[in-house]
Amino acid sequence: MSASKSTPVDRGLNDVSESLSSSERTQNNILPQRRQLLKDQIALIQSSRRFLSLKAQKPLDELHSEIIRCTKCRLAKTRTRAVPGEGSMNARLMFIGEGPGRTEDQKGRPFVGRAGKLLDEMLEEIGVKRSEVFITNVVKCRPVSPEGRDRKPSEDEISTCTPLYLEKQIDIITPTVICTLGDTATAYILHKHGLEPGMISKIHGSTFITHRFKIMPMYHPAAALYTNELKEAIQRDFERLEALLKQSSLESFRS
Ligand code: URA
C-alpha cells in the first residue's frame, strides 16, 4: 500500500527485509531459496485473493443494488440517493463512518464532501490510495433533521440497516483492519464484538483485537474540520494506522 510503483510482491519482500535485524540485512542474509519461497508464498496469497475477489464481486454488486432500492426504514423517504459504499474488493482496510451527509446523498458516494477531502488527504499522507480501501457507513441513507440538517442515525435506523447491509459488506470483504470514524461507528462495531466503547477522546488511535479483524477508532474527520487539535490527533492516528497495516501484513505473510 505505498505510492511507489513497486509491486505488492516487492513490497512484501521489503517489509520482510525491514523486519530483519540490521546485521542480518548488511550480511545480506536472505538466502536465495528463502527469497524464492517468500515470493512463491506471496504470489499464492495474491492469486487466492484475486480468485476470492472475483467470487466476491457478484454478491457485493447484488448487495449494493439491494441497498439502492431499500425502503426498510424512514430514511428511504427523505434520501436523494442511497450510499452503499465504494472501494476495493481486495481491501484489507475498511473505513466506516456514521451515515451519508448532504453531498454524499446527492452523489450516492461516501465521504465526498469536505470531511471526505480530509480523509483523502490523510490517506495520501500514509501512501494509501482511496481505491485500495473500502469506505462505507453504518447507515446507507442520509439521516436528516426536520430542519434539513445532518443528524445522527437513531437506534432503530441502525438496527434495521446494519444486519442487512454493513454486516454483509464486512462478511464479503473480510478486512484485516476496520477503522471506525467517529463515535457512532465506533460504538456500533465495538459493541457488536463485545468490547466496551468508552469515549472516543480516550480510545482514538488504540487497537482492539477481535477474532475477525483489528479495530482502530478515530475521530470523525468532520469534527477535525474546525479544530486544529483534532486534525493533529487524526494525523497521529493515521501514522498508527500505517504501522498497524504494516504489522498486519507481516503477520499474514508469516501465517
Ligand atoms: N460523514 C459520514 O459519516 N459519512 C459520509 O459518507 C460523509 C460524512
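Not measured: the values here are computed from a predicted model. By convention here, the first residue in the shown sequence is residue 1. Whatever order the structure lists ligands and atoms in, that order sets their numbers, starting from 1.
Within the structure, the closest approach of R109 to ligand 1 does not fall below 4.0 Å when heavy atoms are considered.
The distance criterion of under 3.5 Å between nitrogen or oxygen atoms is not met by G97 with respect to ligand 1.
Ranking the protein heavy atoms by distance from atom 2 (C) of ligand 1 puts G99 O, 3.0 Å first. When hydrogens are left out, the protein atom nearest atom 4 (N) of ligand 1 is N137 OD1, 2.7 Å; that is the closest non-hydrogen contact.
Between the side chains of E86 and H64, no donor-acceptor pair of N or O atoms lies under 3.5 Å.
Counting the atoms of ligand 1 from 1 in the order shown, those under 4.0 Å from a heavy atom of H220 are 1 (N), 2 (C), 3 (O). For ligand 1 and P110, the ligand atoms under 4.0 Å from any heavy atom of the residue are 6 (O).
Heavy-atom proximity to atom 3 (O) of ligand 1, evaluated over K107, E98, K152, is greatest for E98.
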- V128 vs L241, side chain to side chain contact (heavy atoms under 4.5 Å, CB included): CA-CA, chis, key distance, verdict: CA-CA 11 Å; V128 175; L241 179 63; over 6 Å; no

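Using a 4.0 Å cut-off between heavy atoms, E104 contacts ligand 1 through its side chain alone, with no backbone atom that close.
A salt bridge does not link R102 with D150: none of the charged nitrogens is closer than 4.0 Å to a carboxylate oxygen. Residues K152 and E98 are paired through a salt bridge, judged by an N-O separation under 4.0 Å between the basic side chain and the carboxylate. A salt bridge links E62 with K58: the distance from a Lys NZ or Arg NE/NH1/NH2 to an Asp or Glu carboxylate oxygen falls below 4.0 Å.
Under the 30°/60° scheme for interplanar angles, the aromatic rings of F213 and H193 are found to stand perpendicular.
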